[in-house]
Amino acid sequence: MCVMRRVSDEQLIELIEAAIFVSETPLSKKRLRETVLKEVAASGMRVDEAIRSISEHYQTRGVQLVEVGSGYRFQACKRLTPWLSNLWQEKAPKYSRATLETLALIAYRQPITRGEIEQVRGVSVSSNIMKSLQEREWIKVVGFKEVPGKPALYATTNQFLDYFSLSGLNMLPELPEQHEVKIEQMLSDPSVRESSE
Amino acid sequence: MCVMRRVSDEQLIELIEAAIFVSETPLSKKRLRETVLKEVAASGMRVDEAIRSISEHYQTRGVQLVEVGSGYRFQACKRLTPWLSNLWQEKAPKYSRATLETLALIAYRQPITRGEIEQVRGVSVSSNIMKSLQEREWIKVVGFKEVPGKPALYATTNQFLDYFSLSGLNMLPELPEQHEVKIEQMLSDPSVRESSE
Amino acid sequence: MSDVVEKAPPFAFLHGQAVIEKPEDLYIPPDALEIILETFEGPLDLLLYLIKRHKLDILELPILSITQQYVAYVELMTELRLELAGEYLVMAALLAQIKSRMLLPVHEELEEEEDPRAELVRRLQEYEQYKSAAENLDQLPRLERDILVARALVDESEVPVAETPEIALKELMLALADVMARAKTFEHHQITTESLSTRERMSQILHYLSENDGQCPFTKLFKIEEGRSGVVVTFIAMLELIKEQLINCLQVTPSSQIYLSLQLQE
């Protein structure tokens, strides 16, 4: 049994702010409670209030508090990125269309099998793409489909959300609408048919 | 010649604050001028003033601006360290398969470029893997290959030998001969691509 | 079935007479170049491109003309020895089959039958949907490119050194054995004299560009005296250079001169 320490609101804010700044990965409230606040007496409400207060404080500063998939992190204000990127010489990696299309299908249709991805894209998905996405920890196997061959089912991870600065899958841009018109109607219209040449 | 941008004191503070926060190493005034402030019209006096103002602002926060040998950085207030250190006391993670394979290839085929590792592994090697192996001081850059892009050549270090209690690389377990032949073949394939990092 | 199929079996197009003009030595149709540079993500992608290029709606899918063009491009890609996935040929066969069904007179009793294009139209729509979803994803702000994480450190002297993972030498050996086992699947990458000459040509192009202020018109890089195979090697070398992001390919308007330029170094 450890004695819980009482801290003032100011101390709680200091501690949480510092913890988010020094953590190597985004810090979730759960991890915050299990580590930094392990011996601190602070209700969930007080923690929420502290986070809100920190977020507000940084509204007018060069860095801001954001919530992404796996927790809270500070990041530079986006409008400063053009200047700040001079600090790096390497260019950010570009991703191929094949990779992006595969990732989009997994993000929007998860859990999905590789076969289903290939069905939509009309081409086979290279093992390299699946492996790279897994090594980046953007996707993972979450189960196996109950069909012959039991293919793996893929889903996106919190690291995927972190990378794209999304707090959840519901923050993804909306899937473009398909045409509402009934395909059958359009197609059965004889005027659409071409005359044979 | 580029046109120098005029910025307000507030903008200058924002920019410098964000730059120090996102920089991977302490940021000196010189580097600040050469990178982030390259196109900003700001006298040395104004930069000093901005740094002083940032330093003052953080007097009452969880992190503070400090000047160390190579420049400025933010660090958590010392009195918070006992709590924050709980963030690092989780169990050591295991190395991924990708990391082990990369290390094995460097050990057996040094000096080797990242592109060559990718060629044999058939999948791209993430920068994180290379970084974590370098941070552990198991591998280091020993030169640059004389091919377009001049990619870095990696080799293992003495620390690597120490860790595995090897007196020299020749003490590494022998590789089955067919494996050796195959690696040679793959590396001499002219279609090896050096990926730019 | 119908004799239409017999008259125009799907693969006759691929090995039979050309449907569009084949590139004569130096001549590669500009928009063929443009689309090949875009490197298609598969037959559906190519079909979508052809439909969009004619400013048509997917729902109008003009099967006759689209089939002709599709087959022509597949042939051109074969000609240029671009790696052609089997799916492209399957699609050519499917298009030919739909075409033959479209040419059949509509019988009363077939009235209930679905339009032969319906399934393909559905797939095209679905693919288009995810194609633009992928483009949207690429636009999202992301780490490394648009977002920079702000970090602070802790005073090293007071923080326990983070535990580092332990590994045994045996694990290292096993890892290497794994790579080698997997490497077997890559064995079909054979050394050919052709790829050598392609890489040589790549260097020549880079050299030429750097001697000419870093850019030149596309056509300047072809040498008539090298004939057809020389053109193909040069062209493939350009595609490789573009793919490796060593050069850029610019075309201001659809039918204007194409320029190649060196990728600017930081």
Side-chain angles (χ1 to χ4, degrees), chain A residues 5 7 10-25 27 31-32 34-40 50 54 57-58 60-64 74-91 93-94 99 126-137, chain B residues 5 7 10-25 27 31-32 34-40 54 57-58 60-64 74-77 79-90 96-99 102 118 121-129 195-197:
Chain A
R5 264 181 92 119
V7 292
E10 286 71 31
Q11 286 172 315
L12 191 62
I13 287 175
E14 263 188 353
L15 199 49
I16 294 176
E17 177 181 279
I20 297 172
F21 266 126
V22 303
S23 173
E24 276 157 29
T25 51
L27 194 58
R31 189 143 167 267
L32 195 61
E34 289 166 355
T35 57
V36 180
L37 300 180
K38 204 163 56 178
E39 293 157 28
V40 172
I54 295 168
H57 175 83
Y58 282 92
T60 56
R61 310 293 309 178
V63 297
Q64 275 166 2
F74 282 100
Q75 61 188 40
C77 298
K78 267 182 223 147
R79 63 173 184 286
L80 301 178
T81 304
W83 281 275
L84 298 177
S85 53
N86 285 325
L87 283 168
W88 283 269
Q89 267 154 18
E90 292 169 28
K91 272 200 185 148
K94 274 189 186 167
T99 301
S126 86
S127 300
N128 285 351
I129 289 181
M130 299 306 281
K131 241 183 313 194
S132 303
L133 288 174
Q134 284 180 84
E135 281 191 3
R136 284 222 68 149
E137 298 189 323
Chain B
R5 261 183 94 119
V7 293
E10 287 71 31
Q11 285 172 317
L12 191 63
I13 289 174
E14 262 188 354
L15 201 49
I16 295 176
E17 177 181 279
I20 298 172
F21 266 125
V22 302
S23 172
E24 276 158 18
T25 51
L27 194 59
R31 185 136 176 274
L32 194 61
E34 288 167 355
T35 55
V36 179
L37 300 180
K38 204 166 54 181
E39 293 158 29
V40 173
I54 295 167
H57 176 86
Y58 281 93
T60 56
R61 310 291 313 177
V63 294
Q64 277 165 4
F74 281 100
Q75 66 180 43
C77 301
R79 63 176 184 284
L80 301 177
T81 310
W83 283 275
L84 297 177
S85 60
N86 286 324
L87 278 171
W88 281 271
Q89 272 171 351
E90 286 162 51
S96 65
R97 217 175 86 171
T99 306
T102 303
E118 292 178 343
R121 291 196 59 231
V123 65
S124 69
V125 172
S126 84
S127 301
N128 280 345
I129 290 179
S195 67
S196 52
E197 282 172 38

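Residue numbering restarts at 1 for every chain, and letters A, B, ... go by the order of the sequence lines.
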* Structure fact -> From the list B:I13, B:V36, B:I129, the residue making the most non-hydrogen contacts under 4.5 Å with chain A is B:V36

* Structure fact -> Counting heavy-atom pairs under 4.5 angstrom with chain A, the leader among B:N128, B:I54, B:L15 is B:L15

* **Carboxylate-amine/guanidinium proximity below 4.0 Å for A:E14 and B:R61** => no

Enter the distance from [X]:[atom1] to [Y]:[atom2] here, rounded to the nearest 0.5 Å.
| X | Y | atom1 | atom2 | value |
| --- | --- | --- | --- | --- |
| A:L80 | B:I16 | CG | CD1 | 11.5 Å |
| B:L32 | A:N86 | CG | CG | 11.0 Å |
| A:E137 | B:S126 | CD | OG | 9.0 Å |
| A:H57 | B:T60 | NE2 | OG1 | 7.0 Å |

* Structure fact -> The side-chain hydrogen bond (donor to acceptor under 3.5 Å, both in side chains) partners of B:Q64 (sequence neighbours excluded) come to none

* Qualifying residues under side chain to side chain contact (heavy atoms under 4.5 Å, CB included), relative to A:E24, sequence neighbours excluded -> B:W88, C:R151

* **Considering all heavy atoms, the nearest A:L84-B:A18 contact** => CD1-CB, 3.8 Å

* What heavy-atom pair brings B:A19 and A:L87 nearest, and what distance separates the two atoms? -> O-CD1, 3.9 Å

* Could you tell me whether the side chain of A:R5 reaches within less than 4.5 Å of the side chain of B:W83, counting heavy atoms only? => yes

* Asked: Taking side chain as C-beta onward, heavy atoms only, is A:E135 less than 4.5 Å from B:V125?
  -> no

* To do: Indicate the ring-plane relationship of B:F21 and A:F21, choosing parallel, tilted or perpendicular according to the 30° and 60° boundaries.
  => parallel

* Is it the side chain or the backbone of B:L37 that comes within 4.5 Å of chain A heavy atoms, both, or neither? -> neither

* **Contacting region of A:L27 [heavy-atom separation from chain B under 4.5 Å]** => side chain

